[in-house]
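These notes are about the structure you will find just below.
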Amino acid sequence: MRSAAGPGSSVGVPAAAAAMTNVYSLDGLLVFGLLLVCTCAYLRKVPRLKAWLLSEKRGIWGVFYKAAVIGTRLHVAVAVSCVLMAFYVLVVK
């Protein structure tokens, strides 16, 4: 294994591990949020799943309900955000 050499790096850390600076990043949270909103909006259109998963409006299940409402009401903005995030992840990053 090749060690990462440079200021601030520790001895014995592989170069691939040294390249990862943080686990939680803003773009990762945005991707997760967009996927959550898109998935919940899709599940809201399926009648059996809507009654089973998205009937509760409070608690942890309420987060899924609110994400589904955001996805259906702001479907154009969510779609544009998904396209822009896909471009960012595939091309820029």
Side-chain angles (χ1 to χ4, degrees):
M1 285 184 148
R2 199 174 106 198
S3 295
S9 66
S10 59
V11 178
V13 177
M20 295 186 295
T21 57
N22 57 357
V23 177
Y24 303 105
S25 60
L26 180 63
D27 57 346
L29 291 174
L30 288 174
V31 168
F32 176 75
L34 283 172
L35 287 174
L36 178 73
V37 167
C38 292
T39 303
C40 290
Y42 174 76
L43 291 177
R44 189 171 183 184
K45 296 295 181 183
V46 180
R48 286 184 185 226
L49 294 176
K50 179 182 178 183
W52 186 53
L53 289 175
L54 302 173
S55 60
E56 189 67 36
K57 297 180 183 176
R58 293 182 186 210
I60 190 67
W61 292 106
V63 173
F64 300 122
Y65 172 79
K66 292 172 185 171
V69 170
I70 290 170
T72 53
R73 290 185 183 172
L74 299 174
H75 61 278
V76 174
V78 170
V80 169
S81 299
C82 286
V83 170
L84 291 175
M85 185 56 73
F87 177 77
Y88 173 76
V89 168
L90 294 176
V91 178
V92 177
K93 189 174 178 186

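Residues satisfying the side chain to side chain donor-acceptor pair (under 3.5 Å) criterion with S81, sequence neighbours excluded, are absent altogether. Every side chain to side chain contact (heavy atoms under 4.5 Å, CB included) that L84 has, sequence neighbours left out, goes to V80. The ring-ring contact (aromatic ring centres under 6.0 Å, His included) check on Y65 picks up nothing, with sequence neighbours excluded. For V92, the side chain to side chain contact (heavy atoms under 4.5 Å, CB included) partners two or more places apart in sequence, or in a different chain, are F87, Y88.
For residues 76-87, there are no salt bridge (Lys or Arg N to Asp or Glu O under 4.0 Å) pairs, not counting sequence neighbours. Sequence neighbours left out, the pairs with a member in residues 26-35 that pass side-chain hydrogen bond (donor to acceptor under 3.5 Å, both in side chains) are S25-D27, D27-K93.
Here the CG atom belonging to L34 is positioned 6.5 Å from the CG atom belonging to L30, to the nearest 0.5 angstrom.
Cluster membership for V91 and M85, using ILVMFWY side-chain heavy atoms within less than 4.5 angstrom, is shared. By the criterion of side-chain heavy atoms lying less than 4.5 angstrom apart, applied directly or through intervening Ile, Leu, Val, Met, Phe, Trp or Tyr residues, F32 is not grouped with F64; the two fall into different hydrophobic clusters.
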Report all side-chain donor-acceptor pairs from residues 35-46 shorter than 3.5 Å, counting only partners two or more places apart or in another chain.
{"from": "T39", "atom 1": "OG1", "to": "L35", "atom 2": "O", "distance (Å)": "2.7"}
{"from": "R44", "atom 1": "NH1", "to": "T72", "atom 2": "OG1", "distance (Å)": "3.3"}

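Within 6.0 Å of atom CG in L29, more than 12 heavy atoms from other residues, nucleotides or ligands are found, so the atom counts as buried in its surroundings.
When all heavy atoms are compared, the tightest approach of K57 to K66 is O-CE, 4.2 Å.
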